[in-house]
Amino acid sequence: MAGVSAAAVVAGLFVWWDTNVFGSTELCAGKLTGEQAESVLDTRGRISDDARKGDGEGAAFRCTVSRTSKVTGAEELEMVVSTTVNPQDFQFSTHVWKNASGMSFLPEGSTGAVSGSRGWVLLPEKCRDEVAGIVWGIPPQSDRVPVVQAELKKGTVEPQKLASVLLDTAHKVAATAGCAADAPGPLPELRQPTGPEAIPADSVCRIPGFRLPESAVPNEQDTARLEEQRTSGTPSGSWACDLYLSGEAAAQVSFASSLDPAIVNDGLKTSTGFRELADGTGVADGSRRAVLKCGTKDVFFGVRWDSVYPRTLKDTYRSGQAFRDVFRAFVDAAGKEHGCPAVQFPSG
């Protein structure tokens, strides 16, 4: 009998510490279900959270969800889910979301992107004042937008599963704030990014006719050169491409475009830095960003450089020539793909 009792105890401990049987059905103050957490944190072990409810009656939150095994020692997974506010084009212009080419942008009808380690979903436009204004004190008509984001601190996740969870969580956050759109339907299959590939000389980022100007290529033979590229897919909807040194994960020069009206709208075009182009073709922010009028649609184009690679360009970097040349070459080639007019950017 003693042996049977001992076995029962061990079995009980296994069920409690190595599975999620009898685990919580709601996590993060109701923003995630236990079933969703199990699908994302796909390992053995018990799921727990450390939900910390903020202001805004739960619209602002930050929650860490973990899955830990104390019997078999399975891989521990940990994900942080939160709401935040970001600049309108944060996904293309900020260091936090670098290497955007490694993410799958959500199909039409939703605005967001996911990878195996992180993701984001834009909350509905009418949530701007309800969430950004009330929760973070951002003034009305600000160029900042409210976002639900997730990051895997330990382990990786299937992007399709993360996208489904993020869309559902975003809907719950919006419902809490009283600005919910329709609940998300079934998520179509995500478009997968390309793997690393050699940079073609005359179709960089798979854009016909796009070449890197000489000012963006180091002269010295012993200077490391950009050798590989990765793109998020075809340049429809939102799209990104990164050029980097062979074998390096960090992007050195990044390109992006978007036709998504949730990103490319008056909030973006009137945000800090943008100025009207003299020929009325759109607005531009120096040699970094532009929104052009392309027929009946507005298209965003952006270029982001890291802090290391430009220094190898020396004179063209110090004078800003490399930035201007690359930006103009990209907008010219990518603009043709979207039927955009020829653009005359200010000199200097």
Side-chain angles (χ1 to χ4, degrees), residues 86-94 97 100-101 103-113 120-128 141-147 167 181-182 184-185 187-188 190-191 193 203-210 231-241 254-304 326-346:
N86 289 312
Q88 188 96 18
D89 60 338
F90 70 94
Q91 59 279 83
F92 306 126
S93 60
T94 59
W97 295 97
S101 65
M103 306 188 79
S104 294
F105 286 90
L106 302 188
E108 186 176 353
S110 302
T111 300
W120 59 272
V121 168
L122 193 67
L123 288 165
E125 170 66 22
K126 58 184 178 180
C127 290
R128 183 193 303 268
Q141 307 306 315
S142 165
D143 60 352
R144 291 185 170 267
V145 293
V147 175
L167 284 169
D182 294 336
L187 179 68
L190 295 177
R191 186 179 62 208
S203 56
V204 175
C205 293
R206 299 190 173 192
I207 298 175
F210 181 29
T231 69
S232 62
T234 56
S236 60
S238 291
W239 166 93
C241 172
S254 301
F255 303 93
S257 65
S258 181
L259 293 80
D260 189 337
I263 298 172
V264 190
N265 51 35
D266 288 340
L268 175 61
K269 291 186 288 184
T270 59
S271 60
T272 303
F274 279 103
R275 298 289 185 271
E276 289 280 348
L277 293 171
D279 54 6
T281 52
V283 297
D285 177 9
S287 297
R288 299 189 307 119
R289 305 179 296 167
V291 177
L292 304 184
K293 299 175 182 177
C294 306
T296 60
K297 59 194 176 186
D298 289 336
V299 184
F300 167 86
F301 300 96
V303 178
R304 184 180 63 80
V326 169
F327 182 68
R328 291 168 182 173
F330 169 61
V331 173
D332 182 54
K336 290 178 181 177
E337 293 286 281
H338 293 287
C340 300
V343 179
Q344 295 296 321
F345 290 107

Asks: Where do Ser101 and Pro193 come nearest, in terms of heavy atoms and distance?
Replies: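 That would be O-CB, 3.2 Å.
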
Asks: Could you give the distance from CG (Asp298) to CD1 (Ile263), rounded to the nearest 0.5 Å?
Replies: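 One gets 13.0 Å once the value is rounded to the nearest 0.5 Å.
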
Asks: Between His338 and Lys297, which heavy-atom pair has the shortest distance, and what is it?
Replies: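 What the structure gives for the nearest pair is O-CE, 3.4 Å.
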
Asks: Could you report the tightest heavy-atom contact between Cys340 and Leu292, atom names first, then the distance?
Replies: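 Nearest heavy atoms, Cys340 then Leu292: CB-CD1, 4.4 Å.
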
Asks: Which atom pair, heavy atoms only, marks the closest approach of Ala100 to Ser232?
Replies: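 The pair with the smallest heavy-atom distance is O-CB, 4.4 Å.
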
Asks: Measure the spacing between CZ of Arg289 and CG of Leu268 and express it to the nearest 0.5 Å.
Replies: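 Interatomic distance, Arg289 CZ to Leu268 CG, rounded to 0.5 Å: 6.0 Å.
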
Asks: So, Asp260 versus Ser258: side-chain donor-acceptor pair below 3.5 Å or not?
Replies: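 Short answer, no.
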
Asks: Testing the basics here: between Leu277 and Ala284, what is the closest heavy-atom pair and its distance to 0.1 Å?
Replies: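 That would be CD2-CB, 3.8 Å.
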
Asks: Please identify which of these residues, Trp239, Phe301, Phe300, Phe255, meets the ring pair (Phe, Tyr, Trp, His ring centres under 6.0 Å) condition with Phe92.
Replies: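 Only one option passes, and that is Phe300.
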
Asks: Output the distance between atom CZ (Arg206) and atom CD (Glu337), rounded to the nearest 0.5 Å.
Replies: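 Here the rounded value is 13.0 Å.
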
Asks: Measure the CD-OG1 distance between Gln344 and Thr281 for me, rounded to the nearest 0.5 Å.
Replies: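 Answer rounded to 0.5 Å: 8.5 Å.
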
Asks: Looking at CZ of Arg275 and CG of Asp285, how far apart are the two atoms once the value is rounded to the nearest 0.5 Å?
Replies: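 Between atom CZ of Arg275 and atom CG of Asp285 there are 8.0 Å.
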
Asks: Ignoring hydrogens and geometry beyond distance, is a side-chain donor-acceptor pair present between Gln91 and Asn86 at under 3.5 Å?
Replies: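 Judged by distance alone, the side chains do not pair up.
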
Asks: I want to check something: taking the side chain as every heavy atom from C-beta on, are Thr111 and Trp120 in contact at a cut-off of under 4.5 Å?
Replies: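 A side-chain contact under 4.5 Å exists here.
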
Asks: Do the non-hydrogen side-chain atoms of Val326 and Ser287 ever get within less than 4.5 Å of each other?
Replies: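 The answer is no, as the side chains (C-beta and beyond) never meet within the 4.5 Å cut-off.
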
Asks: Can you confirm whether Leu190 sits close enough to Leu106 that some side-chain heavy atom of one is under 4.5 Å from a side-chain heavy atom of the other?
Replies: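 Of all side-chain heavy-atom pairs linking Leu106 with Leu190, at least one is under 4.5 Å.
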
Asks: How far apart are the closest heavy atoms of Phe345 and Val331, and which atoms are they?
Replies: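 Residues Phe345 and Val331, closest heavy atoms: CZ-CG1, 3.9 Å.
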
Asks: With rounding to the nearest 0.5 Å, note down the distance linking OG in Ser254 to CZ in Phe330.
Replies: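 Answer for the OG-CZ pair, Ser254 versus Phe330, is 10.5 Å.
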
